[in-house]
Amino acid sequence: VIVGVYMEVELCFKIPPDVFYPKPKVDSAILRFNKKENPVVSDDQYIKFNKIVKAAFSMRRKMLRNSLSGFDIPKDIREEIDFTRRPETLSIAEFAKLLD
């Protein structure tokens with residue numbers, strides 16, 4: 001989520017496990033990162049955004065209402081974003097709305 005705010009991420013290609021020795025039990029990939037012209041979150045809001053994302057994913061299997069209970073998120077945002085969802089279901093834009 002943090003990287004996606006500032007960078008465009010593109011999957012270039014996958015690398016199968018059999019090209020490595022010893023052979024890993026996972027596939028590998030080459031990614032390309034390009035800086036976004038206009039980041040989703042401004043630099044002055046980065047620290048707060050980072051804290052919200054870390055808190056949300058620190059209890060990944062919990063609902064947002066539990067993991068973000070320590071933050072003063074406005075009521076209109078709470079009505080717009082369903083806080084019974086888990087953090088992995090939110091888009092980067094939805095995480096950015098939590099800053100308002």
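Heads up: numbering here begins at 1 and tracks the sequence.
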Sub-4.5 Å side-chain heavy-atom contact between Ile81 and Ile73: no
Once salt bridge (charged side-chain N to carboxylate O under 4.0 Å, His left out) is applied, do any residues pair with Arg65, and if so which ones, sequence neighbours excluded? none
Do Val41 and Tyr6 have side chains that get closer than 4.5 Å, going by heavy atoms? yes
Members sharing Phe13's hydrophobic cluster (side chains within less than 4.5 Å): Ile15, Val19, Phe20, Ile30
Between Arg86 (side chain only) and Met63 (backbone N and O only), is there a donor and an acceptor less than 3.5 Å apart? no
For the residue pair Glu94 and Glu80, establish whether any side-chain heavy-atom pair is separated by less than 4.5 Å. no
To the closest 0.5 Å, what do you measure between OG (Ser42) and CG (Leu99)? 8.0 Å
Check whether any side-chain heavy atom of Leu31 lies under 4.5 Å from a side-chain heavy atom of Cys12, and answer yes or no. no
Between OH of Tyr21 and NZ of Lys23, what distance do you get to the nearest 0.5 Å? 12.5 Å
Measure the CZ-CG distance between Phe83 and Leu90 for me, rounded to the nearest 0.5 Å. 8.0 Å
Any Val1 side-chain heavy atom under 4.5 Å of Phe57 side chain: yes
Calculate, to the nearest 0.5 Å, the distance between atoms CZ and CD1 belonging to Phe95 and Ile52 respectively. 9.0 Å
For Phe49, which residues count as a ring-ring contact (aromatic ring centres under 6.0 Å, His included) partner, sequence neighbours excluded? none
May I have all residue pairs that pass salt bridge (charged side-chain N to carboxylate O under 4.0 Å, His left out) and include part of residues 26-40, sequence neighbours excluded? Glu10-Arg32
Decide yes or no on side chain to side chain contact (heavy atoms under 4.5 Å, CB included) for Met7 and Asn34, but give the supporting numbers first. CA-CA 5 Å; Met7 308 290 280; Asn34 291 314; over 6 Å; no
Any chance you could measure Leu64, atom CG, to Asp82, atom CG, to the nearest 0.5 Å? 8.5 Å
How far does CD1 of Ile92 sit from CD1 of Ile2, to the nearest 0.5 angstrom? 9.0 Å
Surrounding CD1 of Ile47 (heavy atoms of other residues, nucleotides or ligands, distance under 6.0 Å), is the total greater than 12? no
Smallest separation among heavy atoms of Pro24 and Pro17, with atom names: O-CB, 3.3 Å
Does anything in residues 41-53 pair up under salt bridge (charged side-chain N to carboxylate O under 4.0 Å, His left out), and if so which pairs, sequence neighbours excluded? none
Output every pair passing side chain to side chain donor-acceptor pair (under 3.5 Å) with a member in residues 66-76, not counting sequence neighbours, ordered by first then second residue. none
Atom of Pro87, atom of Ala56 and distance for their closest heavy-atom approach: CG-O, 3.1 Å
